[in-house]
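Counting starts at 1 for both ligands and their atoms, in listed order. These figures come from a predicted structure and were not determined experimentally.
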Amino acid sequence: MSAITLDGRELGRTIEKDLMSRIDDLKAKGVSPHLAVVIVGDDPASHVYVRNKEIACNRCGIISTRIDLDSTVSEQDILKVVERLNSDESVHGILVQSPLPPSIDESLIIDTISPLKDVDGFHKMNLGNLVQGDRSGLLPCTPAGIMKMLELSDYETSGKNALVIGRSRIVGMPISILLAQKGIDSTVTVAHSRTKNLADICLQADLIIAAIGRAEFVKSEWVKPGAMVIDVGINRVPDPTRKSGFRLTGDVDPEAAKNAGWISPVPGGVGPMTIAMLMSNTVLATEFLSR
Ligand code: NAD
């Protein structure tokens, strides 16, 4: 058996195409969706992510502004930038690229972003709405992208045993909450670094979401035949055959494709879905702010 590959690039383009008529409606009212991205320091991976977000904005006709700050910038100065963007009526979405330097309180920065412009969906208020079962607002982009990937693949989540590996604020925890909600109705297990017998737990799962950050950690033999496997991880591993000296791989051993029913590749799986949901959140925020 060989798994169906969930092509995040193609599914992401479908989402972006669906946004076009909403973007046209906004422009007809004289409103151009505008995303502002703040990036601090010179982490190469962060620069690649921000560049990909700018490219997606260009593709969708969303204005993007990038604010580059030096890695030595103070917390106060980042807060000033965020407050300026909060009060700028031409800006509808604000994103501060993670990670920030260790001296900066990331939660403070995120909670200073206006919840109406919080297109990453990490503000306490937006996460609170999600916990209360309200999925109509600004949802965190990666979990929302995973849900969209399941929906566009016609995967029935109801009654399925879903295993989420990882409990981070940006991926693991919100996707566990979404999968357990009424209407989605999976039975959710959350595994983390202290979980014992992970291989046995994996083998019980109809749906595995791996968000760990460890290269090819989930082994092929842990995957139940026919399972849906969503690989969120993005790991750089040394590869002397590449010009860059590294290659990207996920948290799941690619051999799992032999066992799984469906699998999302890395790269080209959850990553493009995350970006498409960022575009979607930017349009949603613009619609709300221009009402
Ligand atoms: P994180 O470091 O915040 O969280 C990792 C989680 O994995 C933790 O909750 C931890 O308990 C768990 N974990 C660690 N070791 C484990 C083990 N041995 N067994 C079980 N669980 C273990 O990471 P994150 O921000 O959630 O990101 C996870 C991965 O997803 C990273 O590779 C990141 O780059 C990637 N990511 C991808 C996208 C995307 O758009 N594709 C978006 C966000 C994150």
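Under the 3.5 Å distance criterion, with hydrogens and angles disregarded, no donor-acceptor pair is assigned to the side chains of Thr5 and Asp7. A donor-acceptor pair shorter than 3.5 Å cannot be found between the side chains of Ser186 and Thr157. With no hydrogens or angles considered, a side-chain donor-acceptor pair links His34 and Thr65 at under 3.5 Å. For Ser98 and Glu106, the side-chain atoms include at least one donor-acceptor pair closer than 3.5 Å. Between the side chains of Glu54 and Ser64, no donor N or O sits under 3.5 Å from an acceptor N or O.
Close approach to Ile170 involves these atoms of ligand 1, each under 4.0 Å from a residue heavy atom: 25 (O). Close contacts of ligand 1 with Gly271, meaning ligand atoms under 4.0 Å from a residue heavy atom, involve 40 (O), 41 (N). Every atom of ligand 1 is numbered from 1 in the order shown, and the set under 4.0 Å from a heavy atom of Gly166 is 6 (C), 7 (O), 9 (O), 12 (C). Of all the atoms in ligand 1, the ones that sit under 4.0 Å from a non-hydrogen atom of Ile165 are 20 (C), 21 (N). Those atoms of ligand 1 with a heavy atom of Gly233 less than 4.0 angstrom away are 29 (C), 30 (O), 32 (O), 35 (C). When each atom of ligand 1 is checked for a heavy atom of Arg214 under 4.0 Å away, the hits are 15 (N). Every atom of ligand 1 with a heavy atom of Thr274 under 4.0 Å away is listed here by number and element: 39 (C), 40 (O).
Protein heavy atom in closest approach to atom 43 (C) of ligand 1: Val171 CG2, 3.7 Å. For atom 32 (O) of ligand 1, the nearest non-hydrogen atom of the protein is Ile234 N, 3.0 Å. Closest to atom 19 (N) of ligand 1, if we only count protein heavy atoms, is His192 O, 3.6 Å. In terms of protein heavy-atom proximity, atom 4 (O) of ligand 1 is nearest to Ser168 CB, 3.7 Å. The protein atom (non-hydrogen) at minimum distance from atom 9 (O) of ligand 1 is Arg167 N, 2.8 Å. With hydrogens left out, the protein atom closest to atom 31 (C) of ligand 1 is Gly213 CA, 3.6 Å, a heavy atom. Ranking protein heavy atoms by distance to atom 18 (N) of ligand 1, first place goes to Phe217 CZ, 3.2 Å. Atom 10 (C) of ligand 1 has its closest protein heavy atom at Ser193 N, 4.1 Å.
Of the charged side-chain nitrogens involved, at least one lies within less than 4.0 Å of a carboxylate oxygen, so that Glu216 and Arg247 count as a salt-bridged pair. In summary, Asp77 and Lys80 engage in a salt bridge, as defined by a charged side-chain N under 4.0 Å from a carboxylate O. Between Arg214 and Asp251, no side-chain nitrogen of the basic residue sits less than 4.0 Å from a carboxylate oxygen of the acidic one, so the salt-bridge criterion is not met.
The option from Val232, Ile212, Val164 that lies nearest to atom 2 (O) of ligand 1, judged by heavy atoms, is Ile212.
Using a 4.0 angstrom heavy-atom cutoff, Ala211 counts as in contact with ligand 1.
Considering every non-hydrogen atom in both Leu179 and Ala162, the closest pair reads CD1-CB, 4.1 Å.
Side-chain contact between Met147 and Leu139: absent, with no pair of heavy atoms (C-beta onward) separated by less than 4.5 Å.
In this structure, atom 27 (O) of ligand 1 is not in close contact with the protein, since no protein heavy atom lies within 4.0 Å of it.
Taking CG of Leu203 as the reference point, atom CG of Leu198 lies at 10.0 Å (rounded to 0.5 Å).
Formation of a donor-acceptor pair under 3.5 Å by the Gln181 side chain with backbone atoms of Leu130 is found in this model.
Contact annotation for Met273 and ligand 1: no heavy atom of the residue comes within less than 4.0 Å of the ligand.
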